[in-house]
Amino acid sequence: MTIKKTFGIETEYGVIHRGVSDPNPILASSLLINAYLYAHSPAASGPSAPRPGWDFVHETPDKDIRGFIAPESIAPEIEAHLVNAVLTNGSRYYVDHAHPELSAPECSNPLSVVQYDLASDQILISSMKAAKEVMPPGQEIVVYKNNSDGKGNSYGCHENYLVDRETSFDLIADHATAHFITRQIFTGAGKVGCEIPGYSRSDVPFQITQRSDFFEEKIGLETTLKRPIINTRDEPHADPTKYRRLHVIVGDANLCQIATFLKVGTTGIILSMVESGFLDQKIRFEDPVRSLQQVSFDLGLKEPLQLTNGTTMTAIEVQWWFYEQAEKYVENFGTDHLGGNSVPLVLEWWRKVLEGLESPDNLEPLVGILDWVSKKHILDGFQERKKISSSDVQLAAIDLQYHDLRPEKSLFKKIKQEILISEEESNFATKNPPEDTRAYFRGKCLEKWPENIVSANWDSLVFDSGEKNLQRVPMLEPSRGTREQTENLLNSSNSVSDLLERLEDNKRDD
Amino acid sequence: MTEQEKRNRSFSSEPELEEDAEVSSDALKNSERIKGDLDGLLDEIDEVLEANAEEFVKSYIQKGGE
């Protein structure tokens, strides 16, 4: 069955602490986030006011969840020791292992994902500024939106898609694998060198993606070791009887807006096609992990990839096949469940980008549209201008600095890019939630009653009205809790007790 | 709804698709302009690049993630 798609994107940023002899990335990440929270807390509540923490009750990254938590009174949560905040735009800002991570709020369409992905970057930029102001002179924390340190350590940019629980997961995995292997030609952020043991920089001076070196399995639960192309974590953050959340760990973090837009937009359409039973054939790779790496290494975009039926296809051919199916699908099934009027734009850019990639000897028209093409453009120009070899360390430095989020240092910012979302729109999204998902209710409650929210997570809020036990409000439907559904309720409630009472009344009426 | 309210509403909800967001035939930029842009970028890149490339690359270490 086809369900309305909900999208999410979460980014772990690279972080370095300059001006100290023994940098500690966990401390640096905490400092960064705390500095932001301190600088941006509402004047009324003040920086020392109690701050809603993250509620881990539904976090079960290591197992399937089939249970169902009904509204009930609960004891206060013990706060995790690392910084973990929920922002008024509905996102979660926290320290994940040794990185600052921003999990953007649930979005109803790919354009909204681009808007909130950019908002996340803006929040990190504001955090760097805020941290610099409270640190001793000479010290600075710098944030990079990339996925690798070039030394075998990787950190992720994960995507999330709400999918129908009834659709066979094997079927989803088969089609998604074919897409993830081949979409790299437009989702790749580019990388100097290779981090697969046994490969040297002279073997692979430059490749299309940051991430493909780190994948060793076709399918599995891991995210840090033996990473799989298809991640099977079953943690829907929604009604588990109806939904799965496909957690995608194989993508690169993108700076080009079109690359993010296509990464999420094309994947959403393909998942819906699978749910609808629209795809009548399967493209299956003989060796998916090898093909993933073949595509990333193949700057000529011509590598034949071995299929299980004995034939071969190139990445572009596979993408054209998906594109043609998607065009027919949208014609037949419409766009309402896929993100409305941003869907035709996804199709249009998908076609334009594939057409552009058909001329691998002249990719200049895709500069500012795809990250790997933009980065390579700078690297090639620099190498030619400076007359240096392809193994020069300056090229590795340029690779890193492409992703530097400081506006004055970012090499990406030096490229003119195609714009879908204005700076005004992404700034707005740093404080305000999307209006057409449950993130609206989360964000607005946090804005209005920060002192009454004990903790929050994706599918519930825990309120302390001061009158009785703590109360959990479940939000198991990602597309409910929108502005249309809750604005009046929020505006007319004078207190949290009032809000909770009205919610109870609504429930009885249902 | 007044014009102002309409604008605010559409601005704060789903981002509006501006006319120039459509993919026109010249959206894929012409290569001469792109070459010119690159020349400009390379002219000023030394001022922006980290002073010691080798030290910068060596010290960029990220452990633990996901």
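Values below: every heavy atom of this structure, side chains too, minus hydrogens, waters and symmetry copies. All chains are named by letter (A, B, ...) in the order of the sequence lines, taking the proteins before the strands, and each is independently numbered beginning at 1.
Donor-acceptor pairing under 3.5 Å is lacking for the side chains of Ser148(A) and Arg211(A). Side chains of Asn146(A) and Tyr155(A): a donor-acceptor N/O pair is present below 3.5 angstrom, by distance only.
Looking only at heavy-atom pairs under 4.5 Å with chain B, the residue among Ser410(A), Ala429(A), Ala397(A) that has the most is Ala397(A). When the candidates Val15(A), Ile16(A), Ile378(A), Asn432(A) are compared by the number of heavy-atom contacts under 4.5 Å with chain B, Val15(A) comes out ahead. Counting heavy-atom pairs under 4.5 Å between each of Glu47(B), Lys35(B), Glu54(B), Glu50(B) and chain A puts Glu50(B) at the top. The candidate from Lys409(A), Glu101(A), Gln394(A), Lys151(A) with the greatest count of non-hydrogen atom pairs under 4.5 Å with chain B is Lys151(A).
For Asn52(B), no part lies under 4.5 angstrom from a heavy atom of chain A. Residue contact with chain A, scored on non-hydrogen atoms closer than 4.5 Å, involves the backbone and the side chain of Leu49(B) alike. If you measure heavy-atom distances from Ile45(B) to chain A, the contacts under 4.5 Å come from the side chain alone.
Salt bridge status for Asp399(A) with Lys376(A): absent, with no side-chain N to carboxylate O gap under 4.0 Å. Using a cutoff of 4.0 Å between basic side-chain nitrogens and carboxylate oxygens, Asp46(B) and Lys386(A) are scored as salt-bridged. Between Lys375(A) and Asp380(A), none of the side-chain N atoms (NZ, or NE/NH1/NH2) sits under 4.0 Å from a carboxylate O, so this pair counts as no salt bridge.
Contacts of Glu10(A) classified as salt bridge (charged side-chain N to carboxylate O under 4.0 Å, His left out), with partners at least two apart in sequence or in another chain: none.
No more than 12 heavy atoms of other residues, nucleotides or ligands sit less than 6.0 Å from atom NZ of Lys58(B).
For residues 17-26 of chain A, the interface with chain B (any heavy-atom pair closer than 4.5 Å) comprises Arg18(A), sorted by residue number.
Taking the six-membered ring for Trp and thresholds of 30 and 60 degrees, Tyr144(A) and Phe56(B) have ring planes inclined between 30 and 60 degrees apart.
Note: Phe261(A) CZ to Ile369(A) CD1 = 13.0 Å, rounded to the nearest 0.5 Å.
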